[in-house]
Amino acid sequence: MEHFLVLRFGILSMNAVAMYSWQGNGNLGDDWIGQIGKIEFPDSYPVHEYRDPKRFAHQNYRLRKSRFSLRDIRDPIVLWGGGWLASDRGTNESINRWLQHLERTNVPVFGFGLGVGPFTLGDSSHDELLNRLQAPLYVRSTADLEYADKAAHLSGDVVFLDSRIPLLESQTTLHGLVGLSLPRYSPHWALTRPWITEKWYRDRVAAYIAAAPQGSKVLFIEFSAGSSFKDSDSYYWRELDALFVKPRNELEAAEFMRSCDSFLAGRLHAGFLAALSGIPTVGLAYHHKFLALAETGIPVEGIREEPTDLVKPLQADPRAVEKIRARTRLCLEQLKRALSEAV
């Protein structure tokens, strides 16, 4: 007979978990991560950061489930995917906020499919946060293992749990389309990759477009709509001679990708979707997280050093993809057992 836990915000089964992700903020990759969370944890409920405009600086953020605070949450919390556990923007703001969040609760906090680091400020606040999380911490690439100072296991990005994306094993028909999904430029990229100036970035994208077969058209698949149109990927790249499409979800994005002969991925989860779909792809790295894409066999430039020659797009290695899928699934089963023991 199933037991239920009654809280002020409703009736939750004893195997419920509070799921934290970036879903619902206009980013298709984050929404995909959140969707997989719903599939794998049907009894989960979302929590999110709420900004109280009456408070100042980082103290105005609260972790909320609907209108209730973190103190009302009695279930384990799972930090589900994403790469926000870092200080690569010249600030520790997100880490300090999470230290404050976790001061308000004693529930166990797990992490799965997380990106970790880099930590560029040289202080120990990230160690304090990592030590607050339950071991093991499941991370998405070998680069993340280097930054995880506590016991960590290599899982994979949570989207490798998605079995809904059919693999296109070979392309027999060329469509004359080059696919792109690229973020707007951010100056903080140069903190870890000093060659990535805005001019270098734009010139590199232009070089890949120019290297496409003669007569090819460009299809820009937007993965981040931003908080407003002027914050969107499409607005930043609006001067490209391209057809811009805005898929509503990852399945619709995959359909657009299937019309592309090759793909340039500056958005990590666009790269994952292209890899899972079997589209010849090149990754354009502005962060070490792209190592998770390279581990599929997709060529990725700029992970550790400034690239020189352009890279030929290749399909992901199906054996590598299946290895990551199996590893991620195994780690998820371990997480689910740990969650059942934590209730």
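Residues take their numbers from the sequence shown, with the count starting at 1. For the numbers below, each heavy atom of this structure counts, side chains included, while hydrogens, waters and symmetry mates do not.
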Subject >> Polar side-chain atom of T105 near backbone of L102 as donor-acceptor pair, under 3.5 Å >> reply: no

Subject >> Neighbour count above 12 (heavy atom, 6.0 Å) for K336 NZ >> reply: yes

**OP:** Could you check if a side-chain atom of I33 sits within less than 4.5 angstrom of a side-chain atom of H269, using non-hydrogen atoms only?
**Re:** yes

Original post:
Once you round to the nearest 0.5 Å, how far does CZ of R202 lie from OG1 of T197?
Top reply: 11.5 Å

Original post:
Atom CD of Q134 and atom CG of L335: how far apart are they, to the nearest 0.5 Å?
Top reply: 10.5 Å

Subject >> Pairing of E146 and R304 as salt bridge, 4.0 angstrom limit >> reply: yes

Subject >> Residue pairs involving residues 274-286 (criterion salt bridge (Lys or Arg N to Asp or Glu O under 4.0 Å); sequence neighbours excluded) >> reply: none

Subject >> CD-CZ distance between E322 and R327, expressed to the nearest 0.5 angstrom >> reply: 12.5 Å

**OP:** Report the residue from W195, W237, Y208 that forms a ring-ring contact (aromatic ring centres under 6.0 Å, His included) with Y201.
**Re:** W237

Subject >> Rounded distance (nearest 0.5 Å) linking atom CG of L268 with atom CG of L273 >> reply: 11.5 Å

Original post:
Does the side-chain contact (heavy atoms from CB on, under 4.5 Å) test come out yes or no for S224 and L28, once each step is laid out?
Top reply: CA-CA 6 Å; S224 180; L28 202 63; over 6 Å; no

**OP:** Working to the nearest 0.5 Å, report the span between CD1 of I298 and CG of L293.
**Re:** 6.0 Å

Subject >> Option among D31, L161, D157 that satisfies the side-chain contact (heavy atoms from CB on, under 4.5 Å) test with I36 >> reply: L161

**OP:** May I ask whether L330 and V78 are part of the same hydrophobic cluster, defined by side-chain heavy atoms of I, L, V, M, F, W, Y residues being less than 4.5 angstrom apart, directly or through others?
**Re:** no

Subject >> F223 and W32 aromatic centres sub-6.0 Å >> reply: no

**OP:** Start with the C-alpha gap between D30 and N25, add the side-chain angles, then the distance that decides, and say whether side-chain contact (heavy atoms from CB on, under 4.5 Å) holds.
**Re:** CA-CA 8 Å; D30 291 335; N25 291 302; 5.7 Å; no

Original post:
So which heavy atom on S232 is nearest to which on Y235, and how close?
Top reply: OG-N, 3.1 Å

Original post:
Which atom pair, heavy atoms only, marks the closest approach of L85 to G115?
Top reply: CB-O, 3.9 Å

Original post:
Which residue pairs satisfy the salt bridge (Lys or Arg N to Asp or Glu O under 4.0 Å) criterion with at least one member in residues 273-294, sequence neighbours excluded?
Top reply: none

Cut-off 3.5 Å, no hydrogens considered: what does the side-chain donor-acceptor table look like for residues 242-249, sequence neighbours left out?
from, atom 1, to, atom 2, distance (Å)
R248, NE, E252, OE1, 2.9
R248, NH2, E252, OE1, 2.7
N249, OD1, L251, N, 3.1
N249, OD1, E252, N, 2.8

**OP:** Treat each ILVMFWY residue as a node, draw an edge where side-chain heavy atoms are under 4.5 Å apart, and state whether V107 and L129 are in one component.
**Re:** yes

Original post:
Is it true that E301 and R204 have a side-chain N and a carboxylate O under 4.0 angstrom from each other?
Top reply: yes

**OP:** Output yes when a side-chain donor or acceptor of D261 lies under 3.5 Å from a complementary backbone atom of H175, and no otherwise.
**Re:** yes

Original post:
What's the verdict on ring pair (Phe, Tyr, Trp, His ring centres under 6.0 Å) for F160 and F272, showing C-alpha distance, side-chain angles and the deciding distance?
Top reply: CA-CA 8 Å; F160 285 95; F272 287 147; 5.2 Å; yes

Original post:
Can you check whether I324's main-chain N or O pairs, donor with acceptor, with T328's side chain at less than 3.5 Å?
Top reply: yes

Original post:
Do F110 and P136 come within less than 4.5 Å of each other through their side chains, counting heavy atoms only?
Top reply: no

**OP:** Evaluate whether atom CG of D203 has more than 12 neighbouring non-hydrogen atoms of other residues, nucleotides or ligands under 6.0 angstrom away.
**Re:** yes

Subject >> Joint hydrophobic cluster, Y236 plus L180, side-chain heavy atoms closer than 4.5 Å >> reply: yes

Subject >> Non-hydrogen side-chain atoms of E40 and R329 separated by less than 4.5 Å >> reply: yes

**OP:** Kindly say whether G156 contributes a backbone atom to a donor-acceptor pair with the side chain of R325 at under 3.5 angstrom?
**Re:** no

Subject >> Working for side-chain contact (heavy atoms from CB on, under 4.5 Å), residues F220 and L182 >> reply: CA-CA 8 Å; F220 191 102; L182 303 162; 4.2 Å; yes

Original post:
Are any non-hydrogen side-chain atoms of L145 and L137 less than 4.5 angstrom apart?
Top reply: no

Original post:
Mind checking whether F256 and I209 sit in one hydrophobic cluster, side chains of I, L, V, M, F, W, Y counted as touching below 4.5 Å?
Top reply: yes

Subject >> Test item: I73 and V47 side chains (from C-beta on) under 4.5 Å apart, heavy atoms >> reply: yes

Original post:
Going through the distances and angles, do V139 and F112 end up as a side-chain contact (heavy atoms from CB on, under 4.5 Å)?
Top reply: CA-CA 6 Å; V139 299; F112 190 84; over 6 Å; no

Original post:
So, for W80 and F41, is the gap between ring centers shorter than 6.0 Å?
Top reply: yes

Subject >> Polar side-chain atom of D144 near backbone of V116 as donor-acceptor pair, under 3.5 Å >> reply: yes

Subject >> Salt-bridge criterion met for E128 and R132 (N-O under 4.0 Å) >> reply: no

Original post:
Does the side chain of V109 reach to within under 4.5 Å of the side chain of L79, using non-hydrogen atoms?
Top reply: yes

Original post:
So, for A285 and I196, which heavy atoms are closest and what is the spacing to 0.1 Å?
Top reply: O-CD1, 3.7 Å

Original post:
Is the backbone of A143 close enough, under 3.5 Å, to the side chain of S141 for a donor and an acceptor to pair up by distance?
Top reply: yes

**OP:** Over all heavy atoms of both residues, which pair between D75 and A18 is shortest? Give the atoms and the distance, please.
**Re:** CB-N, 4.3 Å

Original post:
Under 3.5 Å, is there a donor-acceptor pair between the side chain of S124 and the main chain of D127?
Top reply: no

Original post:
Under 4.5 Å between side-chain heavy atoms, hopping through other hydrophobics if needed: is there a path connecting L240 to L284?
Top reply: yes

Original post:
What heavy-atom pair brings A207 and L310 nearest, and what distance separates the two atoms?
Top reply: O-CD1, 3.6 Å

**OP:** Verify, without hydrogens or angle tests, whether S181 (side chain) and I221 (backbone) share a donor-acceptor contact under 3.5 angstrom.
**Re:** yes

Original post:
Got R319 and K323 here, is their nearest side-chain heavy-atom distance under 4.5 Å?
Top reply: no

Subject >> Pair E93-R97, salt bridge (Lys or Arg N to Asp or Glu O under 4.0 Å): steps then yes or no >> reply: CA-CA 6 Å; E93 181 183 355; R97 287 207 313 264; 3.1 Å; yes

Subject >> Donor-acceptor pair, side chain of Y147 and main chain of A86, under 3.5 angstrom >> reply: no

Subject >> Under 3.5 Å donor-acceptor, S277 side chain and A274 backbone >> reply: no

Original post:
Do F263 and P280 have side chains that get closer than 4.5 Å, going by heavy atoms?
Top reply: no

Subject >> Heavy atoms of other groups near E305 CD, more than 12 under 6.0 Å >> reply: no

Original post:
Just how far is it from atom CD of Q35 to atom OG of S21, taken to the nearest 0.5 Å?
Top reply: 10.5 Å

Subject >> Ion pair E295/R140, N-O distance below 4.0 Å >> reply: no

**OP:** Flag the pair R267 and D233 as a salt bridge only when some basic side-chain nitrogen lies within less than 4.0 angstrom of an acidic carboxylate oxygen.
**Re:** yes

